[in-house]
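Below: the structure, in structure tokens.
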Number of protein chains: 2
Amino acid sequence: MIVDDSKELRKIIKLYLENAGYEIIEAENGKVAIELLKNREISLMILDIMMPQMDGFELLEALGDDRKFPVIFLSARGKVEDKIRGLNLGGDDYIAKPFDPGEVVARVLAVLRRSQRNIKKEIVVGSLRWDVEKRLVYLEDKLLELRAKEYKLLTMFMKRPGKVFTKQEIYELLWDEPYFHDDNTIMVHISNLRDKIEEDPRNPKKILTIRGIGYMMDEGC
Amino acid sequence: MIVDDSKELRKIIKLYLENAGYEIIEAENGKVAIELLKNREISLMILDIMMPQMDGFELLEALGDDRKFPVIFLSARGKVEDKIRGLNLGGDDYIAKPFDPGEVVARVLAVLRRSQRNIKKEIVVGSLRWDVEKRLVYLEDKLLELRAKEYKLLTMFMKRPGKVFTKQEIYELLWDEPYFHDDNTIMVHISNLRDKIEEDPRNPKKILTIRGIGYMMDEGC
DNA sequence: CATTTTATTTAAGATTAATTTAAGGTGTAT
DNA sequence: ATACACCTTAAATTAATCTTAAATAAAATG
């Protein structure tokens, strides 16, 4: 997304980045940007500092700490204070006007490469959300209090929704031991887990029983 | 401030940094530097290691731990490089001669950004307040007397409240060593830390145990 | 529809993991 | 060299989780 009040400038950057294979959304000011972000996910924002109404710094602050994409600042002033301030605020790079459009493409590539490394991973299946880094799972934004085996079990399913796991697979993934016979300990854990994540544990919709074969997490739930 | 015995070199760096919008003070040796610092505040020092009389290391030591500005070392390549890295004397960056003046500007920017981020920083989690710069943690405005490991442990948690840390992560973050087996030294430190920060250490509300997985600092406390 | 098989639930006992305590080591500063 | 503070180790205690086993429920089979 390019946020800049100059249509001319947006057009130039857009042209170059589309040439490089990127899809571009334009926003002429901060308010429009915020509006557009409600419905679309973006992987990077190019943000002009000087804009009427809401300036780039304000927009960045409005986006908050949980913003998922990197930001590259554009500024007419080649002033160092702007650069420092922008980078301090959480900007990821800085380009001074006037700029070479080729430079913009190069910096976009570099920032994307860098930021992809620390992307916060989050796996969502239906109403379940797993924050991989924090090792927490939420059900409709409410934190689930899972025990060790339940956590492993649930995240195993969430990694591959739609895949049927046999008991042998489950046992070997969770216990790191070869599986001999069917003590029903797996089933006990599944039962306990269902109590925590299913609306009606007697009639599970998330972790489905595939009789005679194993269990599966439903993709659409 | 640039501290270097070579007038030529000071001139080059000064030129570039003034171009970038900074005000520069020159000092031809450590004694002059100390003298100048009595009357002026600086935001960063570029410091040559090899100088007659008082060398860079000595000057840095003379400045003491309560120095308020970051330091970038200059040194002839190879000679002292390892020593600096190894000794970890408290410099904030290192530039090897011969250098590209543009590199110097870039590093100055980077170091200033880093140090400015730290200056303003104060991390608050519930009733705990961590003054990053001063390396002090307060509990309800009362200073905590923490030992080294406790400080590291607590600030590790405060950096990422709401994240579950495994013992392996904790060990590797605090000890910088690979984690083999579970001696319970981590737990002893957690126990000691809880004695200092928890109202009822038997029933911790700040550092929570996630049994079978690890420990977590509660965001809302 | 009865029977068999497979899956689920429950709760108590076994097991594992975490905590605490105290003693012994280690290193640092005086 | 000595004292002190801090860190680690080890052992005893406490607590939560996991497993087992038995009872119940549901689905498949003939």
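Only a predicted model underlies this, so the values are computations on that prediction, with no experimental measurement involved. Letters A, B, ... are given to chains in the order of the sequence lines, protein chains preceding strands, and every chain is numbered from 1.
Residue-level contact check: A/R211 touches the bases, meaning some heavy atom is under 4.0 Å from a base atom. Contact annotation for B/P204: no contact, since no heavy-atom pair falls under 4.0 Å across all strands.
Summarising the geometry, the separation between CG on B/L208 and P on C/dA18 is reported as 14 Å, rounded to the nearest angstrom. Between the CG atom of A/L193 and the P atom of C/dA7 there is a distance of 17 Å, rounded to whole Å. For A/E145 and D/dA16, the CD to C1' distance is 13 Å, given to the nearest whole Å.
A sub-4.0 Å separation between OP1 or OP2 of C/dT8 and a side-chain N or O of A/R202 is absent. For D/dC7, neither phosphate oxygen OP1 nor OP2 lies less than 4.0 angstrom from any side-chain nitrogen or oxygen of B/T185. Within the structure, a side-chain polar atom (N or O) of B/W175 is placed less than 4.0 Å from OP1 or OP2 of D/dT8. Contact check, A/Y215 against C/dT8: a side-chain N or O comes under 4.0 Å of OP1 or OP2. Close to C/dT19, at under 4.0 Å from its OP1 or OP2, lies a side-chain N or O of B/T209. In this model, the phosphate group of D/dT8 is approached by a side-chain N or O of B/H189 to a distance below 4.0 Å at OP1 or OP2. At the phosphate of C/dT6, neither OP1 nor OP2 sits under 4.0 Å from any side-chain N or O atom of A/K167.
Aromatic ring orientation, A/H189 versus A/W175: tilted (interplanar angle from 30° to 60°). Ring geometry, A/Y171 versus A/Y179: the interplanar angle falls from 30° to 60°, so the pair is classed tilted. Below 30°, between 30° and 60°, or above 60°: for A/Y151 and A/W130 the angle between ring planes is above 60°, a perpendicular geometry.
Each of B/V188 and A/G214 was assigned the nucleotide of DNA chain C with the nearest heavy atom; the assignment lying further toward the 5' end belongs to A/G214. Toward the 5′ end of DNA chain D lies the nearest nucleotide of B/R147, the other residue of the pair B/R147 and A/A148 mapping further downstream.
The pair A/D218-A/K205 does not meet the salt-bridge criterion, since no charged nitrogen lies less than 4.0 angstrom from a carboxylate oxygen. With respect to B/K7 and B/E28, no salt bridge is recorded, no charged nitrogen being found less than 4.0 Å from a carboxylate O.
Contact of A/N184 with C/dT9 (side chain to base): a donor-acceptor pair of N or O atoms is detected under 3.5 Å.
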